[in-house]
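Structure first, then comments.
Index from 1, following the sequence. Read the numbers this way: they start at 1 and go in the same order the structure lists the ligands and their atoms.
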Amino acid sequence: MPQKWAAMKKTLLFLPGPVPVAQPVLEAMAWPMINHRGPEFADLLARMERGMQPIFGTERDVLFLGSSGTGGLETAVANCFSPGDSLLSVPVGVFGKRLADIARTYGCNVEVLETPLGAAVDAKALRERLARDAGRTIKGILLTQNETSTGVQNNMRELAAAIRDHGALTIVDAVSGLGASPFEMDDWGYDVVVSASQKAIAVPPGIAMVAVSDRAWQAIERATIPRFYFDLRKAREFARKGQTAWTPPISIFYALAVALERFHADGLEANYARHARYASAIRAAFEALGFTIFSRSDAHSVTVVAATPPSGVECAALLKTLRENYGVVLSGGQGELTGKIVRMGTMGDVSEADLVGAIGAIELALADRGVAVTFGSGTGAAGTVLNGRVAATV
Ligand SMILES: *Cc1c(COP(=O)(O)O)cnc(C)c1O
């Protein structure tokens, strides 16, 4: 890598994680090390919990783990359940399936409530399935707030209402959505909500955040899946002393502290509005350029737009042209959507100029691939949304 690294050209990253990180956040990572069992770290941890709580919509514990998002999800499963527990998984794509796989790995019996790709979970279908569980054999429900592989966002308020009467413990993968749209963990009644540093909070990867309800703590005491590094009881015990159980990725904590300061200086609403506006602008541009949006109209994500390119344009070739000729990096599809869609993220330190520039580059790349493009049709559609002449829709 090093040789190529030195020759690296300017790139615009539009991945759904990791995302572009602002310079002051990057620079915080160069601060000197401190004692992670000392008063400065305790102060840092307290500020981070206070910074994350409104983003989760909770006044409960928010714990920080040294891992990517998957580590946080594994933590949720391993701490809340016992081998043999029956869980209902409600996946809408690759990440929902991965959460179910984690539960199976730990010996849980996982039933899957299927949803067609591109759609959000049907709250009515979920409510009906739970109503049939009169004996309350379902101990837990595995949900995804925002499914990065399909560009679909679930209506978590509606799903919470569908679950409430049943009372099963809920685990929510909010890794790629938290911080980009309102989330009210306490009001909606979710139990364990997991996020990670490298998505909408716009920090390098390395920290998972796990918010835990009071009810979840009771389940955690009873659960018998073995756990050591990712033991939430230990995490809480140390958090009360202003520490993490194990040596934390201190540099990423510095970055997170600065990112949260910036996040709250802008305010929750401004952050939510920006993601919605960007996603709306990207969808408008894609449509103007002949792409088909993959998510159904009532299920659009605000953090990632998935779309099928115009006919005759191969996904991999388009992504390669965009990357090599213009330094614009988008994602392809995952799993069964490989080669069928491209995905463009809205998260991170992305300006409106970056966004319009990237869409302009997509026009150029399409032309390079032989598509008869009307230059300005994509940027015009995006500009109309960004300028507010067309309201951004979720
Ligand atoms: C990114 C992501 C994850 C976590 O992936 P890691 O690579 O472990 O950080 C989990 N769920 C969703 C929906 C994601 O987008």
Is there side-chain contact between R47 and L260, with heavy atoms separated by less than 4.5 Å?
no
Is T70 close to ligand 1, meaning an N/O of one under 3.5 Å from an N/O of the other?
yes
Measure the shortest side-chain to side-chain distance between T144 and P91 over non-hydrogen atoms and say whether it is less than 4.5 angstrom.
no
Just go through Q198, R98, E74, E147 and tell me whose heavy atom is the nearest to atom 9 (O) of ligand 1.
Q198
Could you tell me whether the side chain of R98 reaches within less than 4.5 Å of the side chain of T70, counting heavy atoms only?
yes
N/O separation below 3.5 Å, S68 to ligand 1
yes
Contact (N/O only, under 3.5 Å) between A196 and ligand 1:
no
Mutual orientation of the aromatic rings belonging to F228 and W246 [parallel < 30°, tilted 30-60°, perpendicular > 60°]
parallel
A quick test of your reading: do over 12 heavy atoms of other residues, nucleotides or ligands sit less than 6.0 Å from CD of E111?
yes
Checking a contact table here: which protein heavy atom is nearest atom 1 (C) of ligand 1, and how many Å away?
K199 NZ, 1.5 Å
Measure the distance from atom 11 (N) of ligand 1 to every protein heavy atom, then report the residue, atom name and distance (to 0.1 Å) of the closest one.
D173 OD2, 2.6 Å
Approximate separation, where rounding is to 0.5 Å, of T170 OG1 and M156 CE
8.0 Å
Enumerated ligand 1 atoms positioned under 4.0 Å from heavy atoms of T148
12 (C), 13 (C), 14 (C), 15 (O)
Using a strict cut-off of 4.0 Å, indicate which atoms of ligand 1 neighbour a heavy atom of N146.
13 (C)
Does atom NZ of K241 have more than 12 heavy-atom neighbours from other groups under 6.0 Å away?
yes
Is ligand 1 less than 4.0 angstrom away from at least one heavy atom of V304?
no
